[in-house]
There are 2 protein chains.
Amino acid sequence: MTTDGRLARMLHVLVHMGLLGGRETSERIALMLNTNPVVVRRTLGVLREHGIVESEGGRGGGWKLTRSLDQVTVLDVQRALTKGPALTAPVSRDHPTCPVERASNSVLEKAHAAAEAHLIAKYAVTTLAQIAKDAKHKASGTTQ
Amino acid sequence: MTTDGRLARMLHVLVHMGLLGGRETSERIALMLNTNPVVVRRTLGVLREHGIVESEGGRGGGWKLTRSLDQVTVLDVQRALTKGPALTAPVSRDHPTCPVERASNSVLEKAHAAAEAHLIAKYAVTTLAQIAKDAKHKASGTTQ
DNA sequence: GATAGCGTAACTATAATTGTTGCGGAAAGG
DNA sequence: CCTTTCCGCAACAATTATAGTTACGCTATC
């Protein structure tokens with residue numbers, strides 16, 4: 001399975017955008033993410049649908065945060081990118097009527113639901129501003 | 001991404017094996033999992049390496065649990081199937097030296113580590129015997 | 001030695017993100 | 001208006017992990 005790196009990438013780039021303040025083009029953002037502009041538009045497009053960023057076309061256009069860094073949580077971004085739970089229990093559906101399969105799935109689902117609650121709670125209290133602060137704290141030279 | 005259904009499948013089939021008591025062939029197990037014998041051998045082979053099941057070739061051969069259901073936890077099975085953490089934070093590696101990327105990754109890693117601890121704790125205290133009990137409780141007719 | 005098992009290799013299928021190219025449209029600026 | 005600089009989007013290849021399939025060899029029993 002390929003790990004879904006969109007959340008990490010979006011956090012990364014949103015913090016940069018917030019710190020830079022202005023409007024950024026897909027191309028500049030693509031450089032930050034070491035990828036190409038289309039991928040950026042695709043993913044930022046999802047965040048736009050959730051009101052986290054806004055885009056403008058034409059000359060001087062680009063992407064911008066709609067709120068300040070301290071008003072966007074990791075949870076906001078996660079919710080935008082993923083419909084459904086942040087953690088999905090890997091259940092089986094080989095014999096949906098089999099009580100043993102159902103009991104196994106149920107155990108996994110409950111365990112994952114509990115774990116997800118903790119994950120979500122942590123996401124909910126972490127703002128992009130805090131990430132920015134951590135970054136400044138760590139930093140001592142290289143930026144970008 | 002295809003969800004990794006091996007843990008759920010193995011729990012399912014191990015409970016069946018425990019309840020049936022005897023040796024089961026890959027083919028019979030494959031029927032339980034609605035798949036084919038090779039997939040079964042492949043995955044049960046991993047569990048064998050961890051001492052959870054044993055296999056015998058030749059006529060009358062097949063697979064059997066090495067311990068009783070109450071002496072195998074979900075964690076045992078999970079650990080056998082997955083090396084490394086049960087929950088991996090989806091980090092990005094676009095600019096490994098960028099403090100912002102590092103800070104974003106760090107937030108995700110810590111949150112996932114905490115969630116994983118809860119997940120593992122739950123896995124550790126859940127035995128296959130409990131799943132079997134749940135299954136009997138739910139059941140009221142259909143088996144398998 | 002025929003049969004019923006597992007063991008394994010070598011493919012193909014599947015599914016999701018990611019990467020890439022190409023083209024159309026919109027906004028600014030001369 | 002017409003060029004430039006953007007985004008929007010469609011279409012397709014690349015990647016990666018599990019899952020499925022076929023085929024063949026080995027072993028133990030009858």
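Reminder, nothing fancy here: chain letters follow the sequence lines and each chain counts from 1.
At distances below 3.5 Å, at least one donor-acceptor pair connects side-chain atoms of A:S104 with backbone N or O atoms of A:V100. B:H12 contributes no side-chain N or O that, together with a main-chain N or O of A:R93, makes up a donor-acceptor pair within less than 3.5 Å. Judged by distance alone, with hydrogens and angles left aside, the side-chain atoms of B:T66 form a donor-acceptor pair with the main-chain N or O of B:G51 at under 3.5 Å.
Phosphate proximity of D:dC6 to A:T25: absent, as no side-chain N or O sits under 4.0 Å from OP1 or OP2.
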Report all interatomic pairs (protein N or O, nucleotide N or O of nucleotides 25-28 of chain C) with separations under 3.5 Å.
none

Can you give me the N/O atom pairs linking the protein to nucleotides 19-24 of chain C at distances under 3.5 Å, or say none if there are none?
residue, atom, partner, partner atom, Å
C:dG19, OP2, A:R9, NH1, 3.0
C:dG19, OP2, A:T35, OG1, 2.8
C:dG19, N7, A:R42, NH2, 2.9
C:dG19, O6, A:R42, NH1, 3.3

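Salt bridge present: A:E56 and A:R23 bring a charged side-chain N and a carboxylate O closer than 4.0 Å. B:D70 and B:K133 are not joined by a salt bridge, as no carboxylate oxygen comes within less than 4.0 angstrom of a charged side-chain nitrogen.
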All N/O donor-acceptor pairs, side-chain side in residues 32-45 of chain B, below 3.5 Å, sequence neighbours left out:
residue, atom, partner, partner atom, Å
B:N36, OD1, B:V38, N, 3.0
B:R41, NE, B:S26, OG, 3.3
B:T43, OG1, B:V39, O, 3.1

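Taking every side-chain heavy atom of A:W63 into account, D:dG8 is the closest of D:dG8, D:dA19, C:dT18.
Between A:R93 atom CZ and C:dA15 atom P the separation is 14 Å, expressed in whole Å. Following rounding to the nearest Å, B:L7 (CG) and D:dT18 (P) show an atom-to-atom distance of 13 Å. The interatomic distance linking B:R6 (CZ) with D:dG20 (P) rounds to 12 Å, in whole Å. Remark: P of D:dA28 and CZ of B:R23 are 13 Å apart, rounded to the nearest angstrom. Separating the CG atom of B:L44 from the C1' atom of C:dC6 is a distance of 11 Å, rounded to the nearest angstrom.
Pairs passing the side chain to side chain donor-acceptor pair (under 3.5 Å) check and including a residue from residues 108-121 of chain B, sequence neighbours excluded, read A:H118-B:H118, A:Y123-B:H112.
For the residue pair A:S92/B:R9, the side-chain donor-acceptor check at 3.5 Å is not satisfied.
Partners of B:E27 according to the salt bridge (Lys or Arg N to Asp or Glu O under 4.0 Å) rule, which considers only residues two or more places apart in sequence or in another chain, do not exist here.
A heavy-atom distance below 4.0 Å to DNA chain D is reached by these residues of residues 47-55 of chain A, ordered by number: A:R48, A:S55.
As judged by a 4.0 angstrom heavy-atom cut-off over every strand, B:G45 is placed among residues making no nucleic acid contact.
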task: Given side-chain contact (heavy atoms from CB on, under 4.5 Å), test A:L47 with A:M10 step by step and report yes or no.
output: CA-CA 9 Å; A:L47 299 189; A:M10 288 302 101; 3.7 Å; yes
